[in-house]
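Data first, discussion second: the structure below is written as structure tokens.
Model, not experiment: these values are computed from the prediction.
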Amino acid sequence: MVTSVIETWIPVFIFLFGLAIGSFINVCIYRIPHPDVSIHSPRRSFCPECNETISAYDNIPVLSYLILRGKCRHCSAPISGLYPLVELATAGLFLVMYYRFGPTFEFLLSLIFVAVLVPIFVIDAQHYIIPNVLIVTGLILGFGIVSAIAYQRGDVWYLLIRLIGAVAGGLVLWLVAVIGSAVLRKKAMGGGDIKLMALNGLFLGAWPELVMVIAFSALGGAIVGTTLIVSGVKSRQSPIPYGPFLAGAAVLVLLWGDNLWRMYLQSVGWN
């Protein structure tokens, strides 16, 4: 009975943990692109409009936003709805990862991956940059967990495949960037996208995961880009960040890549 109760509450704890991580991700999203602040300084969260320190009771994920009705307690400046959205998205993804992988090292690996991809998604969408600190953090933590999984399984090939994936991911997108720049006669892709693809390769593996990430991200980018251009929001010359599409495709492949690849093989008669 005790075991049953614990199993019932585990998803709740994971969701709450995801909300807390989402709150920290919000700090990263705001502070990393701004050179006048850092993740560690100032230590307490503050209102970007009036610079007043935010009290702990006003910094509860999602709940404080609802209680304050989306406004700063001190200056009544509107609080971006992005904050609770990031917190809920992170918590939801954490919960989905738990049901997908269970209490395993793979689950831990997926949490780290998501915690890195979410701020990359938002920062690139807002500022057209993918900060090196997020890529490096993801590579270091990812390598550590991948190594632990390989050791637990006694499977060196697992580690090798992930390392090959990291190299292949970066190399493939670098070639795409070089060829695209030569054809279009302008910069086709940023260095951050290349590094992100290397990160995807480490967490997902090489084949067929990287192929699916490239395919889904290209499809998503084409659909969104065309929609923005047709609707007049963007022009043909307007830059569109590719990082969010790479990040979204990576999550899709992480969760359902095996099933999607199997469906593809069946559709072409290879399986």
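Of all heavy-atom pairs between Arg31 and Ile39, the closest is NH1-O, 3.3 Å. When all heavy atoms of Asp193 and Leu246 are compared, the closest pair comes out as O-CD1, 3.8 Å. Nearest heavy-atom pair across Asn200 and Ala250 is OD1-CB, 3.5 Å. Nearest approach of Val86 to Gly22, heavy atoms of both residues: CG1-O, 3.8 Å. Across all non-hydrogen atoms, the minimal contact from Leu255 to Arg100 is O-NE, 2.9 Å. Taking every heavy atom of both residues into account, Cys75 and Cys50 meet most closely at SG-SG, 3.7 Å.
Residues Val12 and Leu16 are in side-chain contact: their nearest non-hydrogen atoms beyond the backbone lie under 4.5 Å apart. Taking 4.5 Å as the limit, some side-chain heavy atom of Phe203 sits within range of a side-chain heavy atom of Ile112. In this structure, Val251 and Met97 have side chains that are in contact, with non-hydrogen atoms separated by less than 4.5 Å. For the pair Asp124 and Tyr242, the minimum side-chain heavy-atom distance is 4.5 Å or more.
In this structure, CZ on Phe15 lies 7.0 Å from CG on Leu95, to the nearest 0.5 angstrom. The structure places CD1 of Ile120 at 6.0 Å from CG of Leu199, a figure rounded to the nearest 0.5 Å. Distance check: Phe113 CZ to Leu109 CG gives 8.0 Å after rounding to the nearest 0.5 Å. The line from CE of Met197 to CD1 of Ile214 is 4.0 Å long, rounded to the nearest 0.5 Å. Atom CG of Leu196 is separated from atom CG of Leu117 by 6.5 Å, given to the nearest 0.5 angstrom. To the nearest 0.5 Å, the span separating CG on Asp58 from CG on Leu63 amounts to 10.0 Å.
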Review point. Would Leu134 and Ile123 satisfy side-chain contact (heavy atoms from CB on, under 4.5 Å), going step by step from the backbone distance to the final call?
Key: CA-CA 11 Å; Leu134 293 175; Ile123 291 174; 4.0 Å; yes

Point to revise | Leu260/Leu252 under side-chain contact (heavy atoms from CB on, under 4.5 Å): CA gap, chis, key distance, verdict | key: CA-CA 9 Å; Leu260 291 171; Leu252 183 66; 4.1 Å; yes

Practice item. Might you work through the side-chain contact (heavy atoms from CB on, under 4.5 Å) test for Ile29 and Asn26, ending with a clear yes or no? Key: CA-CA 5 Å; Ile29 290 171; Asn26 276 325; 4.2 Å; yes

**Study point:** Steps toward side-chain contact (heavy atoms from CB on, under 4.5 Å) verdict (Val224, Ile240)
**Key:** CA-CA 9 Å; Val224 173; Ile240 297 177; 5.6 Å; no

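Counting heavy-atom neighbours within 6.0 Å of Gln126 CD, excluding the residue itself, gives a total above 12.
No continuous path of ILVMFWY side-chain contacts below 4.5 Å connects Leu141 to Val27, so the two sit in separate hydrophobic clusters. Cluster membership for Ile223 and Phe121, using ILVMFWY side-chain heavy atoms within less than 4.5 angstrom, is not shared. The hydrophobic clustering, which links ILVMFWY residues whose side-chain heavy atoms are closer than 4.5 Å, places Val211 and Leu171 together. Connection of Ile164 to Leu254 is not established within any shared hydrophobic cluster, with ILVMFWY side chains joined at heavy-atom distances below 4.5 Å, either directly or through further cluster members. Grouping the Ile, Leu, Val, Met, Phe, Trp and Tyr side chains by contacts below 4.5 angstrom, directly or via other members, places Ile145 apart from Ile161.
Membership of the apolar cluster around Val136 extends to Ile140, as traced through chained side-chain contacts below 4.5 Å between ILVMFWY residues.
A donor-acceptor pair under 3.5 Å is absent between the side-chain atoms of Ser64 and the main chain of Pro61, judged by distance alone. Judged by distance alone, with hydrogens and angles left aside, the side-chain atoms of Arg73 form no donor-acceptor pair with the main-chain N or O of Ile54 at under 3.5 Å.
Within the structure, every pair that satisfies the salt bridge (Lys or Arg N to Asp or Glu O under 4.0 Å) test and touches residues 151-165, not counting sequence neighbours, is listed here: Glu106-Arg153.
Checked against Phe107 for a ring pair (Phe, Tyr, Trp, His ring centres under 6.0 Å), the options Tyr98, Tyr99, Phe94 give a single hit: Tyr98.
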